[in-house]
Amino acid sequence: MTIHNREIADLLHRMADLLDIDGADAFRIRAYRQAAQTVGGLSESLADRVQAGADLTELPHVGERMAEKIKRIVETGRLDQLDRLEEDLPAELSELMQISGLGPKRVKALHQDLGVDNAADLKRALEAHRVQDVSGFGKKTEQTLSERLADREQHEKRTPLMEAEEIAAPLARYLEDIDGVRALTIAGSYRRRKETVGDLDILVTAEDDSPVMDAFVDYEEVGEVVSHGDTRATVMLRSGMQVDLRLLPQAAYGAALHYFTGSKAHNIAVRRMGVERGLKINEYGVFRDDERISGGSEQDVYDAVGLPFIEPELREDRGEIDAAEAGRLPRLIALSDINGDLHSHTDATDGNESLEAMAEAAAARGYAYLAITDHSRHVTVANGLDPERLAEQLDEVDRLNDRLDGRIRLLKGIELDILEDGSLDLPDEILSRLDLRVCSVHYKFDLSREKQTERILKAMDNRHFNILAHPSGRLINERPPYDLDLERVIEGAVERGCHLELNAQPWRLDLNDADSRMAKQMGAKIAISTDAHSGANFDYMRFGIFQARRGWLEPDDVLNTRSLDELQALLKR
DNA sequence: GCCGTTTTCGGCCCGACTGTTTTCAGTCG
């Protein structure tokens, strides 16, 4: 069984945590954490790289010794040094470190003084009020730990971006209405448009006498006030979302915006460039010899280190700094570049609205074209179309196109099922009458990596195959991606003149950011599609755009930025 | 443990808040 990058990253993270608890050198610990981050963010399989004899030291934060360890992990599934650490420190201690308020020192104290090795032990120790007697702990700490532990049990997942927006928008409106509040930005992964958000980091500037800090903790949705100072406060909302508010001087707003937008790895890289130039960069500004020289805008920060502005979606330390230095930052795609939608359903199958209503909704968004891609017959639960019903729909599309009089052009399409043997579930005769065919895996998610890959590649051999829909099949927080050699699938798509979808449904966002970027680099074209089941669903497009931007996509990488003529040329194979 | 057109040794981001201290350690972001 080949080991996944995620598992390698987990081992390295656990190594870092146990070293931390063991009191090892802080920079050695960080080296493991950085290497784990590199491994976790990689799209192509490290196991495959190792087998191909690739030089792993080319990866950021991976040196000779780390490369050797990763090789050993790939070969044996284990890490000797970690095994040795685990003789004295239970692996579960690493999980205790995830609990907010517990770091390496306290975890070690709990382990040594109370024999607490995991969350269940901790819960018992807290209930017996034995924690407050451990040196460095007290009654208050015991209380907060009890709350955090209970909280964690009911809410441990990151929040999808769309939900985060629904929580953030009313809070932002509430804060903006407080006396004296001037500027407000939600920073952090929210601003980087990451597919899920851990917590909200809100930055405000305000008049000196503004009651914003007090008003924040009084917000009606606040469940618990975690901390409450003059310039910084943290609350837990009743939804389970943690929110940090920071009050900043106007002059420092740009520097703070940069600092709190992150990512942490990006910030460290920028600060290091600052240090090389004799500058200190923190959330209050850019300093030379303790003298503040700028920091009112984010551009000030980038100016200080000689870089052009880097869009928040790119700030993940995935090469954006090198690209900025070389003047090769992408011109990221924007919502306004989108010219149509290539995946939508009507009430003929599992959509909620008529063909005409969908056409009108798409036209209202200024689109030049909309592909109607109802389900095919294999998806019986969705009342999938057989050849006869599809033929009827095609006639209806013709009639409607006439009535629409050029306001928008409906494309004849279908969402085909890729069957287990790699065939498509409608005959070629009817498929040849269509403008495009979107093809999906909707069942048999548990095939082996080899079989799933072959299944899709075989389907692409059919010359009617145009776009592979939601290529990984994952549902955020609900269903992991099926096992697939995505690199081979992309390669196969490029060879055959097929394309891949970035499905914009907020719970799919599939392809993800890293995979979108890999597809781009391999020369694939991507359709950003909403998979709309109602007219309102066309608004999901913005989430697809966010993910695409995080994947470094430019208008030229995307199918549905094209004019109708260009699109039709690209769909020919 | 990583990294390097100043360096193969000696650096590695840094400030706010809390609770337990009695001047500061631990944690977080």
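Residue numbering restarts at 1 for every chain, and letters A, B, ... go by the order of the sequence lines. Worth saying up front: this structure is predicted, and the values here are computed from it rather than measured.
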So what does A/Ile99 touch, heavy atoms closer than 4.0 Å: a base, only the sugar-phosphate, or nothing?
-> sugar-phosphate

Rounding to the closest angstrom, what is the interatomic distance between B/dT27 and B/dT21 at atom P?
-> 14 Å

Inter-nucleotide C1' distance (B/dC13, B/dG19), Å rounded | 25 Å

Say you pick atom P in B/dG11 and the same atom in B/dA16; how far apart are they, in whole Å?
-> 26 Å

Keeping the roles fixed (side chain from A/Arg106, backbone from A/Gly101), state whether a donor-acceptor pair exists under 3.5 Å.
-> yes

What are the two closest heavy atoms between A/Asp80 and A/Arg72, and how far apart are they?
-> OD2-NH2, 3.5 Å

Would you indicate which nucleotide in B/dA16, B/dC14, B/dG29 comes nearest to any side-chain atom of A/Asp201?
-> B/dG29

Write down the partner of B/dT8 under the Watson-Crick or G-U wobble criteria, each distance required to be under 3.5 Å.
-> none

Under 4.0 Å between any heavy atoms, over every strand shown, what does A/Gln242 touch: base, sugar-phosphate, or nothing? Just pick one.
-> sugar-phosphate

Scan A/Arg65 against the nucleic acid and name what it touches under 4.0 Å (heavy atoms): base, sugar-phosphate only, or nothing.
-> sugar-phosphate

Base, sugar-phosphate, or nothing: which does A/Thr231 touch, judged by heavy atoms less than 4.0 Å apart?
-> sugar-phosphate

In whole angstrom, give me the gap between the P atoms of B/dC2 and B/dT6.
-> 23 Å

Is the A/Tyr302 ring parallel, tilted or perpendicular to the A/His258 ring (thresholds 30°, 60°)?
-> perpendicular

How far, in whole Å, is B/dG26 from B/dT20 if one measures between their C1' atoms?
-> 10 Å

Beyond-backbone contact of A/Glu298 with A/Tyr253, side-chain heavy atoms, under 4.5 angstrom | no

Rounded interatomic separation in angstrom, taking CZ from A/Phe137 and C1' from B/dC24 = 16 Å

Expressed in whole Å, how much space separates the C1' atoms belonging to B/dT18 and B/dT23?
-> 15 Å

With no angle test and no hydrogens, is the base of B/dG15 tied to the side chain of A/Tyr284 by a donor-acceptor pair under 3.5 Å?
-> no

